[in-house]
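Per chain, numbering begins at 1; letters A, B, ... match sequence-line order. None of the values given here were measured: they were computed from a predicted structure. The basis for the numbers below is simple: all heavy atoms, side chains too, and nothing from hydrogens, waters or symmetry mates.
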Number of protein chains: 2
Amino acid sequence: MTNRPYHHGDLRVALLARAEETLRERGASALSLRELAREVGVSPAAPSRHFKSKQALLDALALTGFERLAEAIAASQEGAGEAFADRLDAAARAYVGFAVANAALLDLMFSVKHSPQASEALGATAHRWSDQLLELIGDGQRRGEVREGPLERIALPVVAALHGYAGLTVSGVLPPEVAEYGLDDLIASILRGCAPQ
Amino acid sequence: MTNRPYHHGDLRVALLARAEETLRERGASALSLRELAREVGVSPAAPSRHFKSKQALLDALALTGFERLAEAIAASQEGAGEAFADRLDAAARAYVGFAVANAALLDLMFSVKHSPQASEALGATAHRWSDQLLELIGDGQRRGEVREGPLERIALPVVAALHGYAGLTVSGVLPPEVAEYGLDDLIASILRGCAPQ
DNA sequence: ACCCCAATGTATGCACTGATCACAATGTAG
DNA sequence: CTACATTGTGATCAGTGCATACATTGGGGT
């Protein structure tokens, strides 16, 4: 029938790639395993070999999201200056940039639903992300540009502010034009919030 | 057959009530119009008279969520002191309290998907909520306890921080025990962020 | 007081989905 | 080269959202 080989080669990554495309174009609710299989050119039951359930597919998607987010933030620190303000600025823009560029994916990443086992691997990767922020702030402390105190307690308001701003823009509460200068204000506010007393 | 009257009386509110219960107990993804109809004791097609689509039901749910959130925040201001710090503290606890008590609903309220027309009424109600925060901050300015400047630009970082913190706790990123003292730190940070220079 | 009609609920059917099963094709380790 | 684990197939099942045609109800206009 089909001249396609019986074995796809790397169905898993193909599914993930296509899924992310659909996710970006038509949102998470429009994601269907069967349609995915169709688009990749494979039988309806084939995806189940790689993702035992639809939720598993979504979890995997979220995980790649966290990985790429971590990469984006790490990359942002490359060209940034040494001052805490500069590095925070770069990280914040990387985070919000990722958020608006991957709105539906971000929704998935921080969705309430997590299979108990998936949340293990997922939580680990999520931590890797927050650790970047922690390190950033720790550096700021050592440079004397961030108030003293337990790292987590200083960091929490920072990531809350970033996360919230990203969420607001993504969910469309913030008009697009506000999202621009709004970020400047946010960063300034965060800096004041964790400046040495 | 059934001794139930042909007309339910107020199917719409019954559906919304049951839907919210299911939402709270089993999450948004477990919401099914048919099951809802079954539970309320009505034919599968009946709900369509009140909600032309499932998304419409979700929108209505989100809208009631915003209304109740606004009420909760308004109520929080009743017993609060006059100082800006007190009122912000009360509002923040009301917001986060609502968030953890209605996790799935909050997810819905700020979900990316909005039918173009629903987002009108929904956006209006959402604005009513943010207006409360704006007013709160405006009062603070008049009392000289909040830095001067355009209201929106002062307020944005504040709601971002609150919204982000709520989102983090709801999505389980924050361990429950952290969520307690974390809020204190957050409020303190916000206060520093918008204190007069 | 009546009747008509808009509102509301019902019955049925369609296309689709996610999940599971037995089975077929494939490549690889021994 | 053969046993076997991996991966893809095909069919089936329960369940879903939605649309359409029909039934029941109650209130407003005459």
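In this structure, the CG atom of B/Leu58 is 12 Å from the C1' atom of D/dG17, given to the nearest Å. For the pair A/Leu11 CG and D/dT9 C1', the interatomic distance rounds to 12 Å; values are reported in whole Å. B/Phe51 places its CZ atom 18 Å from the P atom of D/dT16, with the value rounded to the nearest Å. Atom C1' of nucleotide C/dC16 and atom CG of B/Leu33 are separated by 15 Å, given to the nearest angstrom. When the P atom of D/dT20 is taken as reference, atom NZ of B/Lys52 falls 13 Å away, rounded to whole Å. Going from atom CG of A/Leu15 over to atom C1' of D/dT7 covers 12 Å, rounded to whole Å. Rounded to an integer number of Å, the gap from CZ of A/Arg12 to P of D/dG8 is 12 Å.
Ring planes of A/Trp129 and A/Phe110: perpendicular class, angle over 60° (limits at 30 and 60°).
Each of A/Pro44 and B/Ala46 was matched to the nucleotide of DNA chain C holding its nearest heavy atom; the match closer to the 5' end belongs to B/Ala46. Looking at which nucleotide of DNA chain D each of B/Arg49 and B/Lys54 is closest to, the 5′-most match is held by B/Lys54.
Across all strands, B/Leu36 comes closer than 4.0 Å to no nucleic acid atom at all (heavy-atom distances). Contact annotation for B/Ser48: no contact, since no heavy-atom pair falls under 4.0 Å across all strands. Among the protein residues, B/Leu57 comes within range of no part of the nucleic acid, since none of its heavy atoms lies under 4.0 Å from any strand.
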Anything under 3.5 Å between a protein N or O and an N or O of nucleotides 13-15 of chain D, put it in a table, one pair a line.
none

Determine all donor-acceptor pairs shorter than 3.5 Å in which one atom belongs to a side chain in residues 180-188 of chain B; sequence neighbours excluded.
unit_1: B/Asp184; atom_1: OD1; unit_2: B/Arg93; atom_2: NH2; d: 2.6
unit_1: B/Asp185; atom_1: OD1; unit_2: A/Arg153; atom_2: NH2; d: 2.8
unit_1: B/Asp185; atom_1: OD2; unit_2: A/Arg153; atom_2: NE; d: 2.7

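There is a path of hydrophobic side-chain contacts, each under 4.5 Å, that joins B/Val100 to B/Val178. B/Met109 and B/Leu63 are assigned to two separate hydrophobic clusters, defined by single-linkage of ILVMFWY side chains at heavy-atom distances under 4.5 Å.
One N or O on the side chain of B/Tyr165 and one on the backbone of B/Ala179 form a donor-acceptor pair closer than 3.5 Å. Listed for the B/Gln141 side chain is a donor-acceptor partner under 3.5 Å among the backbone atoms of B/Gly149.
Distances shorter than 4.0 Å separate none of the side-chain N or O atoms of A/His50 from OP1 or OP2 on D/dT6.
Scored by the side-chain contact (heavy atoms from CB on, under 4.5 Å) test, A/Ala83 finds A/Asp86, A/Arg143, A/Glu145 as partners (sequence neighbours excluded).
With distances taken from any side-chain atom of A/Ala45 to the nucleotides D/dA19, D/dG10, D/dC18, the minimum falls on D/dG10.
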